[in-house]
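Please read all numbers here as calculations on a predicted model, not as lab measurements.
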Amino acid sequence: MGDYKSKLESEEMDFLFDAILSLKDREECYRFFDDICTINEIKALEQRLQVAKMLKQRRTYLDIASTTGASTATISRINRALNYGSDGYNLIFERVDWKENKK
């Protein structure tokens, strides 16, 4: 499947991903991630996805940094993942309406 899988694969990781895949809706996601993550961990994931979205919209690093609070190193890492990574961000962007912020 690729290098990304060999870096992560284990029975424990499979259990985590199976747990996430079992979630049925946004409410269940809120409940699970509230229990399993700290607020800062959840916010870091949220920030990374927001940065990726803004990069896909061709926003500048300066604009992204000022809007999200992400460092230029983080923005650069996410940009590298978008262009040369495992295509995980692009899978999400194909499946989720990311062009508008929905509440």
Side-chain angles (χ1 to χ4, degrees):
M1 271 205 140
D3 190 41
Y4 65 91
K5 190 172 180 187
S6 64
K7 290 187 285 188
L8 295 173
E9 189 172 26
S10 69
E11 282 185 39
E12 295 80 7
M13 193 62 74
D14 287 349
F15 182 64
L16 171 63
F17 291 155
D18 288 346
I20 293 168
L21 289 168
S22 78
L23 299 170
K24 293 179 177 69
D25 57 28
R26 193 176 289 161
E27 177 64 26
E28 288 188 3
C29 287
Y30 274 105
R31 291 170 57 192
F32 177 70
F33 282 94
D34 183 51
D35 283 350
I36 200 168
C37 296
T38 66
I39 295 298
N40 287 340
E41 290 166 337
I42 296 169
K43 290 291 190 180
L45 294 172
E46 175 193 46
Q47 181 189 65
R48 289 175 191 160
L49 191 55
Q50 185 69 19
V51 167
K53 181 174 119 175
M54 293 175 79
L55 285 166
K56 292 288 279 185
Q57 294 169 333
R58 303 222 181 271
R59 307 265 291 269
T60 66
Y61 275 35
L62 186 59
D63 183 26
I64 295 168
S66 66
T67 302
T68 66
S71 70
T72 55
T74 296
I75 297 167
S76 179
R77 182 192 170 285
I78 294 166
N79 193 46
R80 198 168 40 255
L82 276 170
N83 292 306
Y84 308 108
S86 302
D87 231 19
Y89 283 115
N90 289 317
L91 281 173
I92 295 303
F93 293 141
E94 288 172 10
R95 296 177 184 171
V96 175
D97 182 10
W98 59 276
K99 293 187 180 179
E100 294 192 26
N101 285 325
K102 295 181 178 179
K103 294 288 179 192

Handout entry: Phe32 atom CZ: more than 12 heavy-atom contacts under 6.0 Å
Key = yes
Can you tell me how far apart [atom1] ([X]) and [atom2] ([Y]) are? Round to the nearest 0.5 Å.
X: Leu45; Y: Phe33; atom1: CG; atom2: CZ; value: 7.0 Å
X: Leu91; Y: Glu94; atom1: CG; atom2: CD; value: 6.0 Å
X: Leu8; Y: Leu16; atom1: CG; atom2: CG; value: 10.0 Å
X: Asn79; Y: Thr72; atom1: CG; atom2: OG1; value: 12.0 Å
X: Met13; Y: Asp18; atom1: CE; atom2: CG; value: 12.0 Å

field: Partner residues of Arg31 under the salt bridge (Lys or Arg N to Asp or Glu O under 4.0 Å) criterion, sequence neighbours left out
entry: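 Counting only residues at least two positions away or on another chain, Arg31 forms no salt bridge (Lys or Arg N to Asp or Glu O under 4.0 Å).
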Query raised in the report: Looking only at heavy atoms, which two atoms of Ile75 and Ala65 are closest? And how far apart?
Result: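 Minimum heavy-atom separation between Ile75 and Ala65: CD1-N, 3.7 Å.
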Quick one: closest heavy-atom pair of Arg59 and Ile64, and the distance?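 Heavy atoms of Arg59 and Ile64 come nearest at O-CD1, 3.6 Å.
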Taking Glu41 for the side chain and Cys37 for the main chain, is one N or O donor matched with an acceptor at less than 3.5 Å?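 Judged by distance alone, no pair lies under 3.5 Å.
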If we ignore hydrogens and angles and just use 3.5 Å, is the side chain of Ser76 paired with the main-chain N or O of Ala73 as donor and acceptor?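 A pair under 3.5 Å: no.
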Side chain to side chain, Phe93 and Lys53, heavy atoms closer than 4.5 Å |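 With C-beta onward as the side chain, the pair touches.
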Taking the side chain as every heavy atom from C-beta outward, state whether Gln50 and Gln47 have any atom pair closer than 4.5 Å. no
With Tyr89, the side chain to side chain contact (heavy atoms under 4.5 Å, CB included) member among Leu82, Leu55, Asn83
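The single option meeting the side chain to side chain contact (heavy atoms under 4.5 Å, CB included) with Tyr89 is Leu82.
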- side chain to side chain contact (heavy atoms under 4.5 Å, CB included) evaluation trace for Thr74 with Thr68: CA-CA 11 Å; Thr74 296; Thr68 66; over 6 Å; no
(message) When you group the ILVMFWY residues by side-chain heavy-atom contacts below 4.5 Å and let the links chain together, are Tyr30 and Leu23 in the same group?
(response) no
